[in-house]
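Only this structure's heavy atoms are used, side chains among them; waters, hydrogens and symmetry mates stay out. Because the structure is predicted, anything quoted here is derived from the model rather than measured.
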Amino acid sequence: MVLLDGAGLTCAQVHEAAYGRARVSIASLDRARAAWVTAQELTGPVYGRSTGVGAGKDVMIEAPGLDVLRSHACGAGPPVEPARARAMLVVRLNQLLAGGSGIDPAVLPVLADAVNHGFTPPIRTYGAIGTGDLTALATTALCLLGELPWHSEPAPARHDEAPADREEVTPPPRYPLTSGDALPFISSGAATLADAAIACHRLRLLLGAAVDVAALSFTAIGASAEPLAAAVQEARPHPGQAAVAARLRGLLAKEQAARIQDPYGFRAFAQVHGAAVDALDRAAATVEIDLNAAAENPLMAGSLAWHNGNFHSSPVALALDALRAALVQTAQLSTARLAALMDPAYTGRHPFLADRPGASGVLILEYVAQDALTELRHLANPVTTGTAVISLGVEDHAGFATQAARHALRCLEPLELVLACERAAATRALNTLPPDRPLTDDLEEARRALTTSTAHLTH
């Protein structure tokens, strides 16, 4: 069970609700109710409530909201998988609990029911530029109104639930949103933040597993643990570097190394991988601020509506740009260690860990790893160097955190493949060398081992 209170939602909890199908519960509606009361008492023009939106901000319109929902429900591209759509619902529900939107608080339990009973909106991949996930949330609102169908998948059985309890079909969630609820519902980057939270959680597990992989490579070539010493870390106290060095020290045998200095893939592992851990910590902290923020425009606070730019995603986009760049560096070091594992000068084995001279051994793993690494490099291109000017020039900047989060999710597979190539080679180097054979199964086994090695890092 994930308790949503508008203040304590984490990336791990978003992932658990999305993929683990953890149920959600609501702590209190008090802050949402206070903002709703404020909204009912407002007089004068309020953006999206008594005016048009975008360039139509100066046009007074009576009850524009439902038209805004219908006009903005326009996604494109592949459907977003239900788990990611469910994560979006969890994030938006938690944000609304933080208060400030002015939406009718009675809709919040309905959203919780949607999450708990396996209903997700049929949202699509494209349609946001980091200034609000308007298309995805407008589609969700139309599902609540009954104008679009929900996607439905049965909720997993609870341990205390009898089979007969599951025979009853839960009706689709419905709520009669009013015009005044429309903009407050969609004024959020919840889908972007959901993707970012999922990516941060999974990358944390994968970066943890990378230390286990490095330990195998250190052992396979007899690399020196001297660069990991506590005295070295204290001389340059970056927190990620120190944490990575300490964990790797604990995984290595206390033996004297044969070489004074190893290649950078080993000697600078703590520095490079630690920087990725630090980048991930910063990204996750930035995302979690927004998971629990009332980033509403207008913001209902006190007795006023505050028109503002808290919807802008620049902090998240910048943090995710830095994270993806850091992933490339740590993957590059993995390919460097893989190259060392191919070299008889470091392993004392035949080239490419072949069973006999002239055989190819695991040479092909370098091709696979470099292919995946190239994909990572492309995904690391920063999104924050671009912008967009739309809506007759009124909206003249964009953060593109949506693309940054999407690319962060896409980084998971190539990074996992690079690490799996290293693990497969290091495991082979530590065992009897078999004759040449197809390596697909070896690589898949290494990928499964990565998943297994992250299990103890889940919490």
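- Shortest non-hydrogen contact noted between A230 and R249 is N-NH1, 3.6 Å.
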Cut-off 3.5 Å, no hydrogens considered: what does the side-chain donor-acceptor table look like for residues 276-286, sequence neighbours left out?
residue: D278; atom: OD1; partner: G240; partner atom: N; Å: 2.8
residue: D278; atom: OD2; partner: G240; partner atom: N; Å: 3.4
residue: D281; atom: OD1; partner: R204; partner atom: NH1; Å: 2.9
residue: D281; atom: OD1; partner: R204; partner atom: NH2; Å: 3.2
residue: T286; atom: OG1; partner: R282; partner atom: O; Å: 2.8

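- Ion pairing of D133 with R92 is absent here, as no side-chain N (NZ or NE/NH1/NH2) approaches a carboxylate O to less than 4.0 Å.
- Put simply, the side chain of R423 never gets that close to the backbone of V213: no donor and acceptor are under 3.5 Å apart.
- The closest donor-acceptor contact from the side chain of N94 to the backbone of G6 lies under 3.5 Å.
- Judged by distance alone, the side chains of S187 and N297 never bring a donor and an acceptor atom under 3.5 Å apart.
- The closest side-chain donor-acceptor pair between H15 and R202 falls under 3.5 angstrom.
- A salt bridge does not link R21 to E16: none of the charged side-chain nitrogens sits closer than 4.0 Å to a carboxylate oxygen.
- Side chains of V14 and M88 form no contact here, defined as non-hydrogen atoms less than 4.5 Å apart.
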Run the side-chain contact (heavy atoms from CB on, under 4.5 Å) test on D436 and F352 for me, step by step, so that the C-alpha distance in whole Å, both residues' side-chain angles and the decisive distance to 0.1 Å come before the verdict.
CA-CA 11 Å; D436 284 357; F352 314 118; over 6 Å; no

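- The side-chain heavy atoms of S217 and S334, taken from C-beta on, include no pair separated by under 4.5 Å.
- Between the side chain of D321 and the backbone N or O of V383, at least one donor-acceptor pair lies under 3.5 Å.
- Residues V115 and R23 form no side-chain contact, since every pair of their non-hydrogen atoms from C-beta on lies 4.5 Å or further apart.
- Contact of the N310 side chain with the E296 side chain is not registered, since no non-hydrogen atoms from C-beta on lie closer than 4.5 Å.
- What you find for T135 and G127 is that their closest heavy atoms are CG2-O, 3.4 Å.
- Counting non-hydrogen atoms of other residues, nucleotides and ligands closer than 6.0 Å to CD of E445 gives a total of 12 or fewer.
- Side-chain atoms of R349 come within 3.5 Å of backbone atoms of A429 as a donor-acceptor pair (strictly under, hydrogens ignored).
- Counting only distance, with no hydrogens or angles, the side chain of D262 and the backbone of G265 share no donor-acceptor pair below 3.5 Å.
- Atom-to-atom distance recorded for L291:CG and L4:CG is 10.5 Å, nearest 0.5 angstrom.
- The minimum heavy-atom distance linking L207 with H273 is given by the pair O-NE2, 2.8 Å.
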I would like to know whether E366 and L338 meet side-chain contact (heavy atoms from CB on, under 4.5 Å); could you show each step before the answer?
CA-CA 7 Å; E366 288 195 280; L338 178 60; 4.0 Å; yes

H117 vs W150, test: side-chain contact (heavy atoms from CB on, under 4.5 Å). Steps then yes/no.
CA-CA 11 Å; H117 290 102; W150 292 93; over 6 Å; no

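- Taking CG of L320 as the reference point, atom SG of C200 lies at 6.0 Å (rounded to 0.5 Å).
- No donor-acceptor distance shorter than 3.5 angstrom exists from the side chain of R267 to the backbone of P263, with no hydrogens or angles considered.
- Taking each heavy atom of A425 and L365 in turn, the nearest pair found is N-CD1, 4.0 Å.
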Can you give each donor-acceptor pair under 3.5 Å made by side-chain atoms of residues 407-420, sequence neighbours left out, with the distance rounded to 0.1 Å?
residue: E416; atom: OE2; partner: R447; partner atom: NE; Å: 2.7
residue: E416; atom: OE2; partner: R447; partner atom: NH2; Å: 2.7

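- Between L137 and I123, the closest side-chain pair of non-hydrogen atoms is not below 4.5 Å.
- Although no hydrogens or angles enter the test, the distance criterion places a donor-acceptor pair under 3.5 Å between the side chain of N116 and the main chain of A112.
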Assess whether salt bridge (Lys or Arg N to Asp or Glu O under 4.0 Å) is satisfied between D442 and R437, documenting all intermediate values.
CA-CA 10 Å; D442 297 70; R437 65 188 186 200; 2.5 Å; yes

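- Here L205 contributes atom CG and T451 contributes atom OG1; the two are 9.5 Å apart, rounded to the nearest 0.5 Å.
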When you look at L341 and Y346, which way does the side-chain contact (heavy atoms from CB on, under 4.5 Å) test go after all the steps?
CA-CA 7 Å; L341 290 166; Y346 293 104; over 6 Å; no

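- Side-chain contact check for L443 versus C421: some heavy-atom pair is nearer than 4.5 Å.
- The CD atom of Q241 sits 4.5 Å away from the CD atom of Q233 when rounded to the nearest 0.5 Å.
- To the nearest 0.5 angstrom, L134 atom CG is 10.5 Å from L69 atom CG.
- With a 6.0 Å radius and a threshold of 12 heavy atoms from other residues, nucleotides or ligands, Y264 has its OH atom at or below the threshold.
- Of the possible polar contacts, none joining the T330 side chain to the L327 backbone as a donor-acceptor pair under 3.5 Å is found.
- Checking side-chain atoms of N431 against main-chain N and O of T427 turns up a donor-acceptor pair under 3.5 Å.
- The shortest distance between side-chain heavy atoms of F266 and P227 does not fall below 4.5 Å.
- Remark: the backbone N or O of T125 is paired with a side-chain donor or acceptor of R406 at under 3.5 angstrom.
- Between N381 and R324, the closest heavy-atom pair is O-NH2, 2.9 Å.
- Rounding to the nearest 0.5 angstrom, the gap separating the CG atom in L97 from the CG atom in L108 is 5.0 Å.
- Across every non-hydrogen atom of P434 and D355, the tightest pair is O-CB, 3.4 Å.
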Please tabulate, one pair per line, all N/O donor-acceptor pairs under 3.5 Å involving side-chain atoms of residues 392-405, not counting sequence neighbours.
residue: H397; atom: ND1; partner: H312; partner atom: NE2; Å: 3.0
residue: T402; atom: OG1; partner: G130; partner atom: N; Å: 3.4
residue: T402; atom: OG1; partner: T192; partner atom: OG1; Å: 2.7
residue: Q403; atom: NE2; partner: A128; partner atom: O; Å: 3.0

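- Within the cation-pi definition used here (under 6.0 Å to the ring centroid, within 45° of the axis), R86 does not qualify as a partner of F119.
- Looking at H201 and I198, their side chains never come closer than 4.5 Å, going by heavy atoms from C-beta outward.
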